[in-house]
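The chains referred to below are lettered A, B, ... by the order of the sequence lines, with proteins before strands, and numbering in each begins at 1. A quick note: this is a predicted structure, and the numbers were derived from the prediction, not measured.
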There are 2 protein chains.
Amino acid sequence: MASKATIKDIARLAEVSPSTVSRALRDNPRISEEVRARVRDVAKSLDFHPNQMARSLVKRETRIVGVLFAESAGASASMGHPFYPAVLQGLGKVAGERRYHILLSTGSENLSEEAAMRDMADSGFASGLICLTTLTNPEEDAAAIGLPMVEIGHPLDPKNSYYVDNDNVLAGDEATRYLLQRGHRRVLFLGFDGRYIMMAHRLKGFRRAMADYGAAVREDWIVPVRMIENMPDFTLLGEIFRKEDRPTAVVSMDDPLSVGLCGLLQTLGLAVPADVSIVSFNNTQVGQYHAPALTSVDVHPRELGMHAMTLLINMIKGNVEKPTHVDVPFTLVERDSVAPPREG
Amino acid sequence: MASKATIKDIARLAEVSPSTVSRALRDNPRISEEVRARVRDVAKSLDFHPNQMARSLVKRETRIVGVLFAESAGASASMGHPFYPAVLQGLGKVAGERRYHILLSTGSENLSEEAAMRDMADSGFASGLICLTTLTNPEEDAAAIGLPMVEIGHPLDPKNSYYVDNDNVLAGDEATRYLLQRGHRRVLFLGFDGRYIMMAHRLKGFRRAMADYGAAVREDWIVPVRMIENMPDFTLLGEIFRKEDRPTAVVSMDDPLSVGLCGLLQTLGLAVPADVSIVSFNNTQVGQYHAPALTSVDVHPRELGMHAMTLLINMIKGNVEKPTHVDVPFTLVERDSVAPPREG
DNA sequence: TTCAGGCGGTCAAACGTTTGCACGACGGAC
DNA sequence: GTCCGTCGTGCAAACGTTTGACCGCCTGAA
């Protein structure tokens with residue numbers, strides 16, 4: 001029943017024309033205070049809610065933003081990692097505050113990322129897009145599609161993109177430096193395979209810090225682990241740590257990965273942090289609850305989401321002229337997985 | 001540019017009327033194969049995509065379903081727990097397959113659950129609602145709003161609700177039975193405070209299993225822990241386990257909770273599973289990575305989501321007459337947190 | 001030859017808003 | 001007493017589809 005009342009019903013009851021109702025409800029100054037009040041009352045008594053479809057149709061603007069997760073899988077695979085829900089949380093928060101809605105790209109497996117974007121854009125829902133960066137570069141598609149879009153993560157073409165990201169080279173630097181400051185020099189960089197831009201950046205920071213401290217970086221100690229069936233392949237890592245000549249510390253790109261490493265080390269009879277220290281990334285529950293609790297850099301995914309949404313909404317409103325980006329600060333939260341290296 | 005092409009453009013180019021275009025594109029049998037093909041070609045060449053707003057306006061049906069998370073916080077607080085993303089994943093999967101979209105309720109803090117629902121419904125977006133059950137009963141609101149709605153979790157009024165849930169009394173039963181079968185008799189039930197229906201059900205199952213085995217349930221061993229500042233308050237639990245006369249096993253309602261318990265036990269010098277066994281719930285990463293890995297019942301949140309979405313879409317299509325529910329089976333995954341009790 | 005009926009298509013109304021424009025009344029300046 | 005500007009409101013066209021009603025044509029039966 002509620003959804004029945006239309007602007008015309010109000011018009012009839014308030015004895016004005018539909019257009020007047022529309023204007024009155026939108027606080028158009030051309031409407032007298034008296035009429036406005038009358039219309040308001042009637043509207044309230046009918047529990048009137050404007051039909052957004054009709055509204056959007058003429059205004060060509062929905063208050064909906066499409067959110068596209070990596071791998072086009074939408075809420076799929078990626079959602080396994082707590083990073084994504086956290087981002088979503090941030091997106092949701094400011095969307096709610098600004099009275100926007102979030103339309104999730106629920107790409108089925110057979111729907112490419114670009115297809116998902118097009119779908120959202122072409123369908124006419126979605127006045128803007130938020131993309132979690134991937135290997136492809138969505139900005140091209142976005143341009144083709146003609147919708148405001150902001151990326152979360154580092155885009156391929158930063159100059160021409162709107163995005164929010166962490167300063168990952170600084171993050172890599174500081175994580176490494178944290179170890180170096182405590183005396184470590186033999187430190188291993190543990191990442192994923194696949195060329196994630198983020199990882200390249202952190203690695204860069206890693207190298208920088210190492211260089212700063214005059215610590216040699218061994219290329220065979222930069223190890224990307226392959227995920228096979230959702231489980232990290234640690235064979236290479238095992239070899240490294242089995243030798244006498246092994247790292248005393250590692251900078252690891254993700255908490256779950258670090259926890260896996262801990263397991264490996266344990267089987268090798270190596271203790272954390274006594275024998276090897278770990279600085280991890282993402283500050284997840286997995287790491288917090290782990291024993292020892294992981295020292296981990298928190299990239300503040302929630303803030304990433306919040307800033308992304310804020311930026312996008314501003315773009316939609318036409319308040320942003322030039323490609324912009326915002327740099328969300330990270331924090332290194334200290335826990336129990338780092339200790340000075342054994343003397344030697 | 002892409003989004004420019006309208007049905008009229010096609011009509012002009014294909015030299016037919018707009019209505020014919022519409023019908024041709026929708027495979028209406030009244031249109032000849034010849035014309036249909038011609039229209040198709042033109043449409044393709046213009047990269048035509050129907051404007052969903054206009055479409056929805058006349059058909060009064062969007063292919064959008066609103067998803068409402070507990071506490072109306074939308075993607076907020078609740079999202080911290082991996083259960084929710086998993087549900088979302090399931091929702092997204094079938095939504096994608098059926099070409100539906102998911103509109104997230106991004107309730108800001110000041111938006112009540114009911115308000116969020118109304119918002120989604122009244123706005124005209126959302127042809128149906130999915131609710132993660134909470135303490136309030138949304139079915140009333142839903143009725144008032146007049147949209148198909150399915151709940152995930154156990155509703156207050158099962159007879160008149162559409163919902164998908166686990167059989168939580170059975171789950172509680174089996175979890176407990178698992179312990180009992182291994183010889184435990186002194187088992188504690190660890191839950192949260194607040195009256196979650198789900199927990200009441202599991203407790204019921206717990207009692208049933210205990211009774212079956214003739215094990216006494218001690219009411220002081222049914223302990224709800226309070227969360228204060230996101231950290232469980234374990235003082236009560238500490239007292240219980242400090243005594244000589246303590247449980248040899250516990251059925252715990254959530255992995256993070258169980259991990260917390262493990263920490264507590266450790267400080268008390270009690271080993272898991274040697275001194276106390278644990279069967280946990282939710283089968284999260286936190287539990288998998290924990291040492292010892294937690295035996296935990298997996299309630300299959302992803303499947304919950306999938307079934308919920310399937311049911312809802314069927315409802316929207318008018319294929320469901322009577323209030324229905326689907327019961328998603330759970331599985332107890334065995335790991336390392338359970339052992340027989342010490343003799344004695 | 002006429003008429004019923006199917007076929008293939010067009011017409012126009014509808015969905016519920018927004019918004020440019022016209023319009024009448026009124027008040028003041030000349 | 002005309003002219004002009006405001007002010008408050010109504011008219012109607014648009015937004016891009018869908019859909020019921022209608023229509024002309026052709027075929028085949030009476």
When you measure from the side-chain N and O atoms of B/S56 to the phosphate of D/dT17, is any distance below 4.0 Å, counting only OP1 and OP2?
no

Taking the six-membered ring for Trp, are B/H325 and B/Y162 closer than 6.0 Å centroid to centroid?
no

Grab the N/O contacts between the protein and nucleotides 19-24 of chain D below 3.5 Å, and write none if there aren't any.
| residue | atom | partner | partner atom | Å |
| --- | --- | --- | --- | --- |
| D/dG20 | O6 | B/R23 | NH2 | 2.4 |

When the distance from CD of B/E61 to C1' of C/dC15 is rounded to whole Å, what number comes out?
14 Å

Below 4.0 Å: OP1/OP2 of C/dA14 and any side-chain N or O of B/R60
no

To the nearest Å, give me how far apart CG (B/N28) and P (C/dT10) are.
13 Å

Report all side-chain donor-acceptor pairs from residues 15-25 of chain A shorter than 3.5 Å, counting only partners two or more places apart or in another chain.
| residue | atom | partner | partner atom | Å |
| --- | --- | --- | --- | --- |
| A/S17 | OG | A/S19 | N | 3.4 |
| A/S17 | OG | A/S19 | OG | 2.8 |
| A/S17 | OG | A/T20 | N | 3.3 |
| A/S17 | OG | A/T20 | OG1 | 3.2 |

Consider the side chain of A/P50, meaning its heavy atoms from C-beta on, and name the nucleotide among C/dT17, D/dC15, D/dT9 that approaches it most closely.
C/dT17

To the nearest Å, give me how far apart CG (B/D27) and C1' (D/dT18) are.
15 Å

Using the salt bridge (charged side-chain N to carboxylate O under 4.0 Å, His left out) criterion, which residues pair with B/R40? Sequence neighbours excluded.
B/D27

Expressed as a whole number of angstroms, how long is the span from B/K8:NZ to C/dC11:P?
13 Å

Looking only at C/dT17, D/dG8, C/dT10, the nucleotide nearest the B/V16 side chain is C/dT10

How far apart are the closest heavy atoms of B/A126 and B/L147, and which atoms are they?
O-CD1, 3.6 Å

Can you name the residues that form a side chain to side chain donor-acceptor pair (under 3.5 Å) with B/S127, not counting sequence neighbours?
B/T62

Round to the nearest Å and state the distance from A/I7 atom CD1 to D/dA12 atom P.
17 Å

Those residues at least two apart in sequence (or on a different chain) that pass side chain to side chain donor-acceptor pair (under 3.5 Å) with A/R98 are A/N314

Measure CZ/A/R38 against P/D/dG8 and give the value in whole Å, please.
14 Å

Side chain to side chain donor-acceptor pair (under 3.5 Å) filter on A/D327, not counting sequence neighbours, yields none

What is the distance, rounded to the nearest whole Å, between atom CG of B/L25 and atom P of D/dT18?
8 Å

What is the distance, to the nearest angstrom, from the CG atom on B/N51 to the P atom on C/dC15?
18 Å

Can you tell me if the side-chain N/O atoms of B/R26 get under 4.0 Å from OP1 or OP2 in D/dT18?
yes

